[in-house]
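Input: a single structure, listed below in structure tokens.
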Amino acid sequence: MTTEIKADHVSLRLGNHNVLSDISFQLKGDKIYGLLGRNGAGKTSLLSLLASFREPTEGTIRINDEMPFENDRVMNQVNFVYAKDQSNETETVKGMLEFAERYRPNWNAEYALKLVKRFKLPLDQKVDALSKGKQSALDVVIGLASRTSVTIFDEAYLGMDAPARSVFYEELIKDYAEHPRCMILSTHLISEVASLIEEVMIIDCGKLLLHESVDTLMSHGLSVTGPAEKVDQLTSGLHLLKQQQLGRTKSVMIYGQLESGRRAEFESAGFELGPIGLQELFIYLTEHEGDEE
Amino acid sequence: MREPMNDGRPIFVQIAEHIENEILEGSLEELGQVPSTNQFATFYKINPATAAKGVNLLVNEGILYKKRGIGMFVAEHAREKLIEKRKKTFFNDYVAAMLHEAEKLQIEKETLIQMIEDGQK
């Protein structure tokens with residue numbers, strides 16, 4: 001059975017602060033989703049609602065048609081992997097794996113041990129004696145080996161060095177390919193995950209800014225470079241994310257679906273056309289007045 | 001291992017092009033089996049749906065065909081078809097760019113022709 005997550009007009013208020021306001025979306029199918037947002041945008045708050053750590057102030061969350069909050073059936077199928085404080089965790093790596101095995105019906109012990117080897121985790125060491133990067137790797141091992149229908153990685157890579165992160169992405173794709181399930185990656189390392197995710201949600205200041213397939217979002221970005229006057233003339237009226245000028249050459253980033261023929265017009269004007277990466281799109285889409293300088 | 005797909009163009013297009021090159025260079029033979037989308041996904045660390053999209057692009061062009069339950073194979077005459085297709089874009093992709101650069105550097109037509117002859121020896 002494929003997973004379906006539905007958020008319907010979800011708001012979350014903490015004290016006087018509106019952390020999330022009126023968020024609605026539907027995640028249909030076992031895909032890898034990316035949840036992007038700037039610091040404080042509400043990513044972790046939203047994910048903690050999906051993981052039933054909290055209840056929304058208004059609106060509803062449904063996972064496979066059930067409310068997740070304090071619902072056992074949903075909760076043991078949702079795994080929320082996040083960087084927690086483990087400075088007092090005196091359990092060993094092995095003990096943590098055994099604990100996970102007890103609570104996760106789809107746990108695969110053989111796979112967990114294979115991952116432990118790949119991340120070079122010492123089975124008998126206590127968790128609080130591990131480096132931050134190794135602690136994160138252990139969380140990732142548990143997250144993957146649990147094979148829950150919904151697996152959420154919220155900045156799970158914290159402290160992991162580049163080679164360890166590379167192992168993480170490789171194992172994630174490999175295991176997802178063999179055992180498709182709903183995975184949500186929340187991250188600031190956008191360029192590292194851009195090729196892994198199929199759909200992206202961007203939240204900004206507690207609101208859902210967009211939810212698109214990565215292909216669609218990318219097809220809406222186009223960078224155009226050419227002689228300044230001509231670029232101004234041919235791009236006027238379009239939604240420009242950023243403009244830069246160097247001498248007489250101007251470069252603009254256009255966002256939105258272009259009318260047919262527009263691209264050919266740019267090409268025949270001799271402009272240099274190029275794509276805009278997911279990370280850059282994210283930066284300029286979530287830029288607010290006063291951010292610059 | 002080759003770099004993951006990151007030349008800026010959509011990844012599925014790059015996957016399709018990668019398979020095309022393998023067929024043109026002969027490392028994938030006609031009627032031979034193509035790696036599965038999951039293998040592509042793992043190798044390049046890309047989403048399996050993206051890999052499938054690239055493969056399907058070639059299925060639609062008749063370069064690859066699907067055997068149900070077995071996998072994906074290179075079609076008969078795939079190489080010929082690809083050569084025809086690439087020839088059509090050869091001028092725009094290579095010759096036009098070369099002429100443009102030559103103009104900037106004020107390289108004469110005769111010198112260019114000489115270079116091509118030397119290069120082919």
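Below, read A as the first sequence line, B as the second, and so on, with proteins coming before strands; counting in each chain starts at 1.
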With the side chain counted from C-beta on, respond yes when A:Asp175 and A:Arg181 share a heavy-atom pair under 4.5 Å apart, and no when they do not.
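Result yes, sub-4.5 Å side-chain heavy-atom pair found.
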
For residues A:Ile190 and A:Ile283, determine if any side-chain heavy atom of one lies less than 4.5 Å from a side-chain heavy atom of the other.
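Result no, sub-4.5 Å side-chain heavy-atom pair not found.
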
Residues in salt bridge (charged side-chain N to carboxylate O under 4.0 Å, His left out) contact with B:Lys104, at least two apart in sequence or another chain
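If we apply the salt bridge (charged side-chain N to carboxylate O under 4.0 Å, His left out) test to B:Lys104, skipping adjacent residues, the hits are B:Glu101.
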
Within 45 degrees of the axis of the six-membered ring of A:Tyr111 and under 6.0 Å from its centre: does A:Arg147 put its NZ or CZ there?
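Yes, A:Arg147 and A:Tyr111 form such a contact.
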
At a heavy-atom separation under 4.5 Å, does A:Ser191 approach chain B through its side chain, its backbone, both, or neither?
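Contact with chain B involves no heavy atom of A:Ser191 at all.
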
For A:Leu172, is it the side chain, the backbone, both or neither that has a heavy atom under 4.5 Å from a heavy atom of chain B?
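Interface part for A:Leu172: neither.
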
Taking atom types as modelled, is there a side-chain donor on B:Glu30 or B:His77 under 3.5 Å from an acceptor on the other?
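There is no such pair (donor and acceptor under 3.5 Å, judged by atom type) between the side chains of B:Glu30 and B:His77.
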
When you measure from the side chain of B:Thr111 to the backbone of B:Ile107, do you find a donor-acceptor pair of N or O atoms at a distance under 3.5 Å?
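Pair absent, no side-chain N/O of B:Thr111 close to backbone of B:Ile107.
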
Verify whether the ring centers belonging to A:Phe168 and A:Phe153 lie closer than 6.0 Å.
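Centroid separation for A:Phe168 and A:Phe153: below 6.0 Å.
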
Tell me the residues of residues 48-69 of chain B whose non-hydrogen atoms fall below 4.5 Å from those of chain A, in number order.
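Counting heavy atoms that sit under 4.5 Å from chain A, the residues of residues 48-69 of chain B involved are B:Pro48, B:Ala49, B:Lys53.
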
